[in-house]
Each structure stands twice: as structure tokens, then as C-alpha cells.
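Below is one structure, written out as C-alpha cells, with a few remarks after it.
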Amino acid sequence: MDVITIILLAIALAMDCFAVSITNGIALRRFHFVPILKMAVLFGLFQAGMPLIGWLAGISFKTAIESIDHWIAFAILLILGLKMIKESLSDEDEESSDGQPALQWKKLIFLAVATSIDALATGLVFLTEKVETFIFALVMIGLFSFGFSVAGNAIGIYLGKHLPVNMEMVGGFVLIGIGVKILLEHLGVF
């Protein structure tokens with residue numbers, strides 16, 4: 001696999017991170033370095049880690065996870081989207097003791113798993129490639145996911161400040177939409 005193909009694959013895998021990060025930025029409303037960094041690091045690690053798991057597990061694991069991965073991603077994104085919509089209807093902003101918005105690790109890990117579970121099968125693509133090529137691909141996947149997550153948060157913060165609608169609610173619907181899209185793609189609807 002050539003470098004351009006690997007970079008295009010990394011960009012494609014980072015798109016879900018980007019979309020979810022936009023919704024997170026909408027909820028944050030202000031730039032907070034630590035929560036955004038936590039999300040970006042987790043997204044990068046999970047996006048790079050899932051292909052590694054898929055590669056290590058090999059062909060037998062592919063068939064086992066492919067039958068349910070879309071349902072898992074859908075359920076996680078549906079729950080988080082509904083929670084975000086519910087929170088958008090209340091006036092309370094969650095903040096930690098240091099004044100930063102509270103982004104619980106559990107929520108971030110669920111989001112990281114949901115956005116990266118489809119990357120699991122990507123590791124199988126590299127079974128016939130050199131190990132060096134695969135390591136390069138993992139690094140690119142992690143870096144692009146990290147970068148797209150930071151950019152998505154920044155765009156979401158901007159949108160949240162400048163659009164006169166409840167953007168947190170819109171973000172919840174976007175998460176649900178991503179889950180539905182994943183489900184419909186895997187069910188062969190489109």
C-alpha cells in the first residue's frame with residue numbers, strides 16, 4: 001500500500017472523530033485546552049489501536065465482530081446523543097472543580113470506541129503488508145484522528161457561539177445521525 005492510499009485511509013477513518021468533535025465543541029462553547037486534548041488523544045489512540053487489534057486477531061476475528069460492530073456503535077452513539085439532547089434542555093453547565101467543562105473519562109472512552117470500532121477491520125487490510133508499512137499506517141491514522149478531533153472541536157466552538165440555535169441539541173442529533181449512518185451502511189441500505 002502506498003503512502004497516498006494510507007493517508008486517504010487515515011483521513012477517512014478520522015471523519016467520525018471530526019464529526020463527533022464538532023458536537024463536543026458545540027457543547028463546550030469556549031476553548032478549553034485540557035478537555036479538547038483529552039478527547040483528541042483518546043480518539044487518536046483508539047483509531048490507531050483498533051486496526052492493531054484487528055491485525056493481531058486476524059481473519060477469524062473479522063467475521064465475529066463484523067456481525068455486531070455496527071449495532072454497538074449505533075447503541076453507544078444513540079445513548080450519548082439522547083443524553084446530549086436531554087442536557088441541552090437544561091440550563092446547567094457541567095464544570096469540574098478547576099472551572100473546566102466536565103468531560104468524564106467514561107463518556108470520552110465510549111465516544112472513542114464508537115468512532116473507532118469500524119477501524120477494527122481495517123487492520124485486516126494490512127495482513128499482507130510489511131510491518132513497517134502497517135506501523136506507518138497506524139501512526140498516520142492516530143495523527144489524523146488527533147488533528148481532526150482538535151479541528152472539529154474548534155469548529156464546533158465557533159458554530160456554538162455564532163449560530164442562534166441550541167447547538168448542543170443539534171450536536172445530539174448529529175451523534176444519533178452518525179450512529180444511524182453506521183448502522184444503515186452495515187445493513188446494506190446505502
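Residue numbers count from 1 along this sequence.
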| Any chance CZ of F136 has more than 12 other-residue heavy atoms, nucleotides or ligands included, within less than 6.0 Å? | yes
| request: Take F18 and I155, measure what side-chain contact (heavy atoms from CB on, under 4.5 Å) needs, and give me the verdict at the end. | output: CA-CA 10 Å; F18 182 67; I155 290 168; 3.6 Å; yes
| Closest contact, heavy atoms only, A10 versus F144 | CB-CD1, 3.7 Å
| field | Short side-chain donor-acceptor distance under 3.5 Å, S21 and N24 | value | no
| request: Measure the spacing between NZ of K38 and CD1 of I109 and express it to the nearest 0.5 Å. | output: 10.0 Å
| field | Test side-chain contact (heavy atoms from CB on, under 4.5 Å) applied to I141 and I6, step by step | value | CA-CA 8 Å; I141 291 167; I6 289 172; 5.9 Å; no
| said: Give me the atom names and distance for the closest heavy-atom approach of Q47 to C17. | reply: NE2-SG, 3.2 Å
| said: Go through it in stages, so that I can follow the logic: the residues are L159 and I22, the test is side-chain contact (heavy atoms from CB on, under 4.5 Å), and I'd like the CA-CA distance, side-chain angles, deciding distance and then a yes or no. | reply: CA-CA 9 Å; L159 291 174; I22 289 173; 4.3 Å; yes
| query | Side chains of I4 and I7: closer than 4.5 Å at any heavy-atom pair? | reply | no
| Is there side-chain contact between I85 and I176, with heavy atoms separated by less than 4.5 Å? | yes
| request: Would you mind reporting whether I36 and M39 have side-chain heavy atoms less than 4.5 Å apart? | output: no
| query | Do L45 and F146 come within less than 4.5 Å of each other through their side chains, counting heavy atoms only? | reply | no
| query | Are any non-hydrogen side-chain atoms of F110 and I79 less than 4.5 angstrom apart? | reply | no
| How far does CE of M15 sit from CG of L13, to the nearest 0.5 angstrom? | 9.5 Å
| request: Under the side-chain contact (heavy atoms from CB on, under 4.5 Å) rule, what do I26 and I157 come out as? Steps first, then yes or no, please. | output: CA-CA 5 Å; I26 289 166; I157 291 166; over 6 Å; no
| Do F134 and W55 come close enough that some side-chain heavy atom pair is under 4.5 Å? | yes
| task | Please examine the side chains of L138 and L52, heavy atoms only from C-beta on, and report whether any two atoms are closer than 4.5 Å. | result | yes
| Parallel under 30°, tilted from 30 to 60°, perpendicular over 60°: which one fits the rings of F74 and W71? | perpendicular
| field | A40 to V150 - nearest heavy-atom pair and separation | value | CB-CG2, 3.7 Å
| message | I'd like to check T115 versus F46 (side-chain heavy atoms, cut-off strictly below 4.5 Å). Are they in contact? | response | no
| remark: When every non-hydrogen atom of T23 is compared with those of V20, the smallest separation belongs to OG1-O, 2.5 Å
| message | Tell me whether L8 shares a hydrophobic cluster with I135, the cluster being built from Ile, Leu, Val, Met, Phe, Trp, Tyr side chains joined at under 4.5 Å. | response | no
| task | Locate the shortest heavy-atom distance separating F148 from I11; write the atom from each residue and the value. | result | CZ-CG2, 4.0 Å
